[in-house]
S.K.: 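To start, I am sharing the structure in question, which I have written as structure tokens.
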Amino acid sequence: MRLSRYFLPVLKENPAEAQIVSHRYMLRAGMIKQQQAGIYSWLPLGLKVLRNIERIVHEEQGRAGHIPVLMPTMQPADLWRESGRYDAYGPEMLRIRDRHERDMLFGPTNEEMITDIFRAHVESYKQLPMTLYQIQWKFRDEVRPRFGVMRGREFLMKDGYNFDLSYEDAMHAYNRHMVSYLRTYERMGLQAIPMRADSGPIGGDDTHEFLVLASTGESEVFYDSAITDLKFGDRAVDFDDRAGLEAIVKEWTTPYARTDETHDVSLFHEIPAERQKSSRGIEVGQIFYFGTKYSEPMGATVTTPDGARVPVHMGSHGIGVSRLVGAIIEASHDDKGIIWPEGVTPFHCGIVNLKQGDGATDAACEAIYSGLVAKGLEPLYDDTEDRAGAKFATMDLIGLPWRITVGPRGLANGEVELTSRRTGESETMSPEAAVERVAGIYAGL
RNA sequence: CGGAGCGUAGCGCAGCCUGGUAGCGCACCUGCUUCGGGAGCAGGGGGUCGGAGGUUCGAAUCCUCUCGCUCCGACCA
């Protein structure tokens, strides 16, 4: 993409309403525009990041054998009356009435609807196990939205639901989700720690929240530093291997890690003092097992091998997709702007032309641009008439992890500059070598 | 939902107290110069002062109502 033809409305000054760094940078980098309290338009740069996060979630869900669906945002109230949650949910649920005076709602979550789909089409244990998921907009009418997309009213969320014949099978689904989530977050450049949690309004027995450590997090968290040393890395996972998954889950849930809601001081003090850590955390996902809480009242049953009719065991599993955009920025930025992890960056590499209109410089930039495109990468080429300083400031703000700087001075020696946004370190090399280097960085992702 | 604020040009703000017909910086447009870390000079365009009602000869300014947004708290993915 050429910046001269792109829509990137960056702001030099900080918008008054933005308090935390991710909100400020998302507004300044032209990623979002607020339309109402807690409701945002996604501008091109923000949308690219959002789509990248979605893509990673889809890929990892697919790897775990989960099946995508898409349910409507608008749901009939009657479905929620069946589960008893229409009255239980409270004012966070946005209730709407259509022209025929029928009660509807903008879904804050989808247990009822997915259960309705399941009961309509699944009759036999032979069709289990099954996990369906979607990435869809949700609405929760928060009393006080704030922190930009970190706590909006409308938000994009991946919500998945497993259907299993037994508690044991459902726990395998639980483990499958935990492991796939660990992979998912790591691919986004995040360390998200599973912490034992409260089940809240979804209800249930077993539940873990995934928290990203960041000073602006909404929750106070306590953990054994041993857990932050764990890396998922590129280990192979067989999602059908129950014992294997159980071992991984055990590895990640054994060290103490809890939010203030479930914090147990005496357990915490059993860890060596130097490993007792507390911090703030941003919740970016949660997994639940809740058994037959919905399947029983809503009649989601299957026939067992011996002919009995039993309600299925269920769980639900969420990832805050839009919230992750903010969480990643909270976890990865400096005083100049965002620093995107390679896995989610909106463009793979920036190209800064220091002397637009200079024949040799323009040609070198074009060659680098087409070289990167030929490697399957998406560069952002700043071909505007701005001065060098302004171009650097914009690139730093929008946070592309790599930048190739091209100017007459370097080109005289046949060299351009490759700069890491994260470290700020630069190396000079030939334009061809720079293209190769950048391609190499992304080859493993 | 309790408490506190704020709505004036795309963004950040001043003007309001003490009424007299709107201003600054950035951004934008034109020209010249400049050109490796948010350039300089000159010229220019853009505002129903959130909305409605009222007081007044006259309202951004005073009064009433209303809508929106923000912050602190309680609540929450």
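Here is the naming used below: chain letters follow the sequence lines, and residue numbers restart at 1 for every chain. Bear in mind the structure is a predicted one, so any value in this text is a computation, not a measurement.
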S.K.: In whole Å, what separates the C1' atom of C28(B) from that of C11(B)?
M.R.: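 It comes out at 12 Å once rounded to the nearest Å.
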S.K.: State yes or no: are the ring centers of W252(A) and F232(A) separated by less than 6.0 Å?
M.R.: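 Yes - the distance between ring centres of W252(A) and F232(A) falls below the 6.0 Å cut-off.
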S.K.: Taking only the side-chain heavy atoms of L354(A) (C-beta and beyond), determine which of G36(B), C76(B), G38(B) contains the nearest atom.
M.R.: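 Of the options given, the side chain of L354(A) lies nearest G36(B).
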S.K.: Do any pairs count as a ring-ring contact (aromatic ring centres under 6.0 Å, His included) and have a residue in residues 49-78 of chain A, sequence neighbours left out, and if so which ones?
M.R.: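 For residues 49-78 of chain A, and leaving out neighbouring residues, the ring-ring contact (aromatic ring centres under 6.0 Å, His included) pairs sorted by first residue read H58(A)-Y133(A), H66(A)-H177(A).
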S.K.: Return the pairing partner of G43(B) with a 3.5 Å limit on both distances, Watson-Crick or G-U wobble; otherwise return none.
M.R.: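 Paired with G43(B), as far as the under-3.5 Å criterion goes, is C29(B).
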S.K.: More 5' along RNA chain B: V10(A) or R146(A), using each one's nearest nucleotide?
M.R.: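 Checking each residue's closest nucleotide, the 5'-ward one belongs to V10(A).
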S.K.: For A14(B) versus G37(B), give the span between their C1' atoms, rounded off to a whole number of Å.
M.R.: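 Per the computed distance, 31 Å lies between those C1' atoms.
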S.K.: How many Å lie between CZ on F147(A) and C1' on U70(B), as a whole number?
M.R.: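 So the two atoms are 12 Å apart, to the nearest Å.
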S.K.: Tell me if the CD atom of E246(A) is crowded by more than 12 foreign heavy atoms within 6.0 Å.
M.R.: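 For E246(A), atom CD is not crowded (no more than 12 foreign heavy atoms under 6.0 Å).
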S.K.: Tell me: CD of E417(A) to P of G37(B), nearest whole Å?
M.R.: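 Rounded to whole Å, this separation is 11 Å.
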S.K.: Under the 3.5 Å rule, do the base of C76(B) and the side chain of R140(A) count as making a donor-acceptor pair?
M.R.: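 Under the 3.5 Å cut-off, the side chain and the base do not form any donor-acceptor pair.
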S.K.: Output the single nucleotide from G36(B), C76(B), G37(B) whose closest atom is nearest the side chain of T405(A).
M.R.: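 Nearest listed nucleotide: G36(B).
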S.K.: If you compare all heavy atoms of S332(A) against all heavy atoms of R422(A), which two are closest, and at what distance to 0.1 Å?
M.R.: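 Between these two residues, the closest heavy atoms are OG-NH2, 3.3 Å.
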S.K.: Could you walk me through whether E330(A) and S22(A) pass side-chain hydrogen bond (donor to acceptor under 3.5 Å, both in side chains), step by step?
M.R.: CA-CA 5 Å; E330(A) 291 296 331; S22(A) 62; 2.7 Å; yes
S.K.: Atom OH of Y40(A) and atom P of C69(B): how far apart are they, to the nearest Å?
M.R.: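 After rounding, the gap between these two atoms is 10 Å.
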S.K.: Stacking between F392(A) and G36(B), defined as ring centres under 5.5 angstrom apart with planes under 30°, is that present or not?
M.R.: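 Taking the rule of under 5.5 Å and under 30°, the ring of F392(A) does not stack on G36(B).
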S.K.: Name the pairs: protein N/O against N/O of nucleotides 29-34 of chain B, kept only if under 3.5 Å.
M.R.:
residue	atom	partner	partner atom	Å
U34(B)	O2	R387(A)	NH1	2.7

S.K.: Start with the C-alpha gap between Q286(A) and T207(A), add the side-chain angles, then the distance that decides, and say whether side-chain hydrogen bond (donor to acceptor under 3.5 Å, both in side chains) holds.
M.R.: CA-CA 7 Å; Q286(A) 187 160 9; T207(A) 177; 2.9 Å; yes
S.K.: Counting only Watson-Crick pairs (N1-N3 plus N6-O4 or O6-N4) and G-U wobbles (N1-O2, O6-N3), all under 3.5 Å, who is the partner of C1(B)?
M.R.: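 Check on C1(B): paired to G73(B), both distances under 3.5 Å.
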S.K.: Within this structure, what is the NZ-to-C1' distance between K391(A) and G37(B), rounded to whole angstrom?
M.R.: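 The answer, rounded to whole Å, is 13 Å.
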S.K.: Could you tell me the Watson-Crick or G-U partner of U18(B), where both distances fall under 3.5 Å? Say none if there is no partner.
M.R.: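 Because no pair has both required distances under 3.5 Å, U18(B) counts as unpaired.
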S.K.: Taking any strand in view, what nucleotide pairs with A60(B) in a Watson-Crick or G-U wobble way, both distances under 3.5 Å?
M.R.: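 Pairing partner, where one exists within any strand: none, as none qualifies.
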S.K.: OP1 or OP2 of A27(B) versus the side-chain N and O atoms of K12(A): is any pair under 4.0 Å?
M.R.: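 Answer is yes, contact under 4.0 Å.
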S.K.: Nearest to the side chain of R144(A) - G38(B), G36(B), A74(B)?
M.R.: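 Nearest to the side chain of R144(A) among the choices is A74(B).
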S.K.: Show your working on side-chain hydrogen bond (donor to acceptor under 3.5 Å, both in side chains) between R403(A) and S426(A) and close with a plain yes or no.
M.R.: CA-CA 9 Å; R403(A) 183 185 83 208; S426(A) 294; 5.1 Å; no
S.K.: What integer number of Å spans the C1' atoms of A77(B) and G53(B)?
M.R.: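 One C1' to the other, the span is 43 Å.
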S.K.: Looking at C6(B), which nucleotide sits across from it as a Watson-Crick or G-U wobble partner, both distances under 3.5 angstrom, or is there none?
M.R.: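 With both distances under 3.5 Å, C6(B) matches G68(B).
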S.K.: Select from G152(A) and A393(A) the residue whose nearest nucleotide in RNA chain B is closer to the 5' end of that strand.
M.R.: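 The residue mapped nearer the 5' terminus is A393(A).
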S.K.: If we take the P atom in both G15(B) and G50(B), what is their distance in whole Å?
M.R.: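 Here G15(B) and G50(B) have their P atoms 15 Å from each other.
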S.K.: I need the CD-P distance between E92(A) and A74(B), as an integer number of Å.
M.R.: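 So the CD-P distance, E92(A) to A74(B), works out to 16 Å.
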S.K.: Who are the ring-ring contact (aromatic ring centres under 6.0 Å, His included) partners of F222(A), not counting sequence neighbours?
M.R.: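 Result, ring-ring contact (aromatic ring centres under 6.0 Å, His included) vs F222(A): H263(A), F268(A).
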S.K.: What pair of heavy atoms forms the shortest contact from N162(A) to S316(A), and how long is it?
M.R.: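 Closest approach of N162(A) to S316(A), heavy atoms only: OD1-N, 4.3 Å.
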S.K.: Among residues 14-38 of chain A, which residues get a heavy atom nearer than 4.0 Å to RNA chain B?
M.R.: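 Those residues whose heavy atoms fall under 4.0 Å from RNA chain B, taken from residues 14-38 of chain A in numerical order, are N14(A), P15(A), A16(A), E17(A), Q19(A), R28(A), Q34(A), Q36(A), A37(A).
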S.K.: How close do E112(A) and S83(A) get, heavy atom to heavy atom, and via which atoms?
M.R.: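 It is OE2-OG, 2.5 Å.
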S.K.: What nucleic acid atoms does G285(A) come within less than 4.0 Å of, heavy atoms only: base, sugar-phosphate, or nothing?
M.R.: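 Result for G285(A) = nothing.
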S.K.: Considering every strand and a 4.0 Å limit on heavy-atom distances, what is the contact class for G318(A): base, sugar-phosphate, or nothing?
M.R.: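 Nothing, no heavy atom under 4.0 Å.
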S.K.: Roughly how many Å apart are A27(B) and G12(B), using the P atom of each and rounding to a whole number?
M.R.: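 After rounding to an integer number of Å, I get 15 Å for this pair.
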S.K.: What integer number of Å spans the C1' atoms of G44(B) and C67(B)?
M.R.: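 It works out to 36 Å between them.
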S.K.: Which salt bridge (charged side-chain N to carboxylate O under 4.0 Å, His left out) pairs, counting each pair once, include a residue from residues 359-372 of chain A, with sequence neighbours left out?
M.R.: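 The answer is R2(A)-E366(A).
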S.K.: Inspect the contact between E54(A) and R51(A) and indicate whether a charged nitrogen and a carboxylate oxygen are less than 4.0 angstrom apart.
M.R.: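 A salt bridge is present here (some side-chain N lies under 4.0 Å from a carboxylate O).
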S.K.: Expressed as a whole number of angstroms, how long is the span from E154(A):CD to C76(B):C1'?
M.R.: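 Answer to the nearest Å: 17 Å.
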S.K.: As a test of reading the structure: which of A77(B), G37(B), C75(B) is closest to the side chain of R151(A), going by heavy atoms?
M.R.: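 In terms of side-chain proximity for R151(A), the closest of A77(B), G37(B), C75(B) is C75(B).
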S.K.: What is the distance from CD of E142(A) to P of U70(B), rounded to the nearest Å?
M.R.: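 Result: 13 Å.
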S.K.: Pull out every residue in residues 183-194 of chain A that has a heavy atom closer than 4.0 Å to any atom of RNA chain B, ordered by number, or say none.
M.R.: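 Within residues 183-194 of chain A, no residue comes under 4.0 Å of RNA chain B.
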S.K.: Please name the nucleotide paired to C24(B) by Watson-Crick or G-U wobble geometry with both distances under 3.5 Å, or report none.
M.R.: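 With both distances under 3.5 Å, C24(B) matches G12(B).
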S.K.: Could you state the atom-to-atom distance from CD of E13(A) to P of A27(B) in whole Å?
M.R.: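 One finds 9 Å between P of A27(B) and CD of E13(A), rounded.
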S.K.: For residues F347(A) and Y6(A), establish whether the separation of their ring centroids is below 6.0 Å.
M.R.: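 Ring-ring flag for F347(A)/Y6(A): true, centres closer than 6.0 Å.
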S.K.: Under 4.0 Å between a Lys/Arg side-chain N and an Asp/Glu carboxylate O for K293(A) and E111(A)?
M.R.: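 The answer is no: the pair does not qualify as a salt bridge.
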S.K.: Using the P atom as the reference point in each nucleotide, state the distance between C13(B) and A9(B) in Å, no decimals.
M.R.: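 So the two P atoms sit 12 Å from each other.
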S.K.: Set out, in order, the CA-CA distance, both residues' side-chain angles and the distance that settles ring pair (Phe, Tyr, Trp, His ring centres under 6.0 Å) for F163(A) and F118(A), then state yes or no.
M.R.: CA-CA 9 Å; F163(A) 302 91; F118(A) 181 90; 4.1 Å; yes
S.K.: Measuring only the C1' atom in each nucleotide, how far is A60(B) from U18(B)? A whole number of Å is fine.
M.R.: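 The answer is 15 Å between these two C1' atoms.
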